[in-house]
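In what follows, a structure is listed as structure tokens, so that the remarks can point back to it.
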Amino acid sequence: MSVQQYDEIGEAFEGFKSLPLMRYGEVPSFLGLVGDVHGRSILDLACGTGFYSREFKRRGAGDVLGVDISAEMIAAARRSEEREPLGVRYEIGDVAELRTPERRYDIALGVQCLNYAEDIATMERMCRNIHRSLVEGGQFFVLAQKPDYGFDNPHLERYGFRCEPTGEEVETGPRERITALLDPEPISIVTNAPRREVYEKCLRAAGFQDLEWVPLHISDAGVEEFGEDFWQDLLANPPLEMLRCRA
């Protein structure tokens with residue numbers, strides 16, 4: 001499911017980051033969660049077109065490797081590297097079948113990654129592969145759909161997105177359709193919204209500890225541009241949530 005739909009999106013995926021939810025919510029929240037990366041090695045899983053790989057490299061990270069299952073996403077990421085050489089490496093790979101890395105990394109990123117597991121066994125395998133890719137005490141940062149998100153927020157479109165249940169359910173949780181309201185043509189992606197206990201069970205089974213869920217916040221720039229009232233509906237029912245843990 002995820003490979004074909006992301007292959008079809010390609011470089012248009014970069015446009016997601018321009019929408020209000022991403023620009024003033026996801027991006028500053030996730031960058032703040034990960035924090036200082038100067039000199040640290042990073043494994044960016046489900047890296048897409050390499051947005052976070054590039055951003056953390058600009059912020060002083062050492063070795064950065066981006067991995068994605070979509071050949072088109074990796075091609076787009078490599079084109080960005082050609083246009084602006086930063087020293088980021090990219091390769092095609094499935095997190096559920098992740099090869100043993102030549103080195104272990106200080107940090108792993110999983111932005112919209114684990115939620116593509118179709119069953120608990122696959123998510124556990126993904127988590128184990130990530131755990132063995134990290135140094136002892138290394139950190140894993142996750143960003144995904146909020147596990148208990150209520151699909152009754154009529155105002156989400158003002159932040160650039162539509163989020164709807166498909167009515168289907170897989171072992172990890174309900175399936176949903178996310179639509180980015182891009183101009184001139186919206187882009188939709190079907191993904192899963194694993195239950196909170198599924199994330200926690202799989203991560204702990206893989207050896208991760210010190211699990212902590214962290215809410216999104218809105219950046220000062222977002223408040224300055226739109227005002228505090230604009231963001232109240234989003235903060236009352238945020239569609240995204242973050243999690244950090246340690247190997």
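Residue numbers run from 1 in the order of the sequence given.
- What you find for I218 and G25 is that their closest heavy atoms are CD1-CA, 4.1 Å.
- For the 3.5 Å distance criterion, the side chains of S41 and D63 fail to qualify, holding no donor opposite an acceptor.
- In terms of heavy-atom proximity, H131 sits nearest to G207 at NE2-O, 3.4 Å.
- For the residue pair E241 / Q145, no side-chain donor-acceptor distance below 3.5 Å is found, with atom types taken as modelled.
- Looking at D68, its side chain never comes within 3.5 Å of a backbone N or O of I92 through a donor-acceptor pair.
- Counting only N and O atoms by type, the side chains of S18 and R23 include no donor and acceptor under 3.5 Å apart.
- Using modelled atom types and a 3.5 Å distance limit, the side chains of N115 and T191 yield a donor-acceptor pair.
- Remark: side-chain polar atoms of R58 are not paired, donor with acceptor, to backbone N or O of S53 under 3.5 angstrom.
- R59 places no side-chain N or O within 3.5 Å of a backbone atom of D36 that could act as its donor or acceptor partner.
- In plain terms, the two heavy atoms of E118 and R175 that are nearest each other are OE1-NH2, 3.1 Å.
- Listed for the R104 side chain is a donor-acceptor partner under 3.5 Å among the backbone atoms of R132.
- Using a 4.5 Å cut-off between side-chain heavy atoms of Ile, Leu, Val, Met, Phe, Trp and Tyr, F208 falls into a hydrophobic cluster with L43, L45, L65, V67, V95, L98, Y105, L114, I120, M123, M126, I130, L134, F140, V142, V198, Y199, L203, L211, W213, L243.
- For the pair E84 (side chain) and S80 (backbone), a donor-acceptor distance under 3.5 Å is absent.
- Residues N237 and G150 come closest through the heavy atom pair ND2-O, 3.0 Å.
- Minimum heavy-atom separation, L86 to E81: N-OE2, 2.8 Å.
- Side-chain rings of Y24 and Y159 stay apart, their centers remaining 6.0 Å or farther from each other.
- At least one donor-acceptor pair closer than 3.5 Å links the side chain of R125 to the backbone N or O of A96.
- At distances below 3.5 Å, at least one donor-acceptor pair connects side-chain atoms of K57 with backbone N or O atoms of G62.
- Under a 3.5 Å cut-off, the side chain of D44 and the backbone N or O of V64 do not form any donor-acceptor pair.
- Of the possible polar contacts, one joining the W231 side chain to the G222 backbone as a donor-acceptor pair under 3.5 Å is found.
- Counting only distance, with no hydrogens or angles, the side chain of R196 and the backbone of P147 share no donor-acceptor pair below 3.5 Å.
- With 3.5 Å as the limit, one finds a donor-acceptor pair spanning the side chains of E168 and T166.
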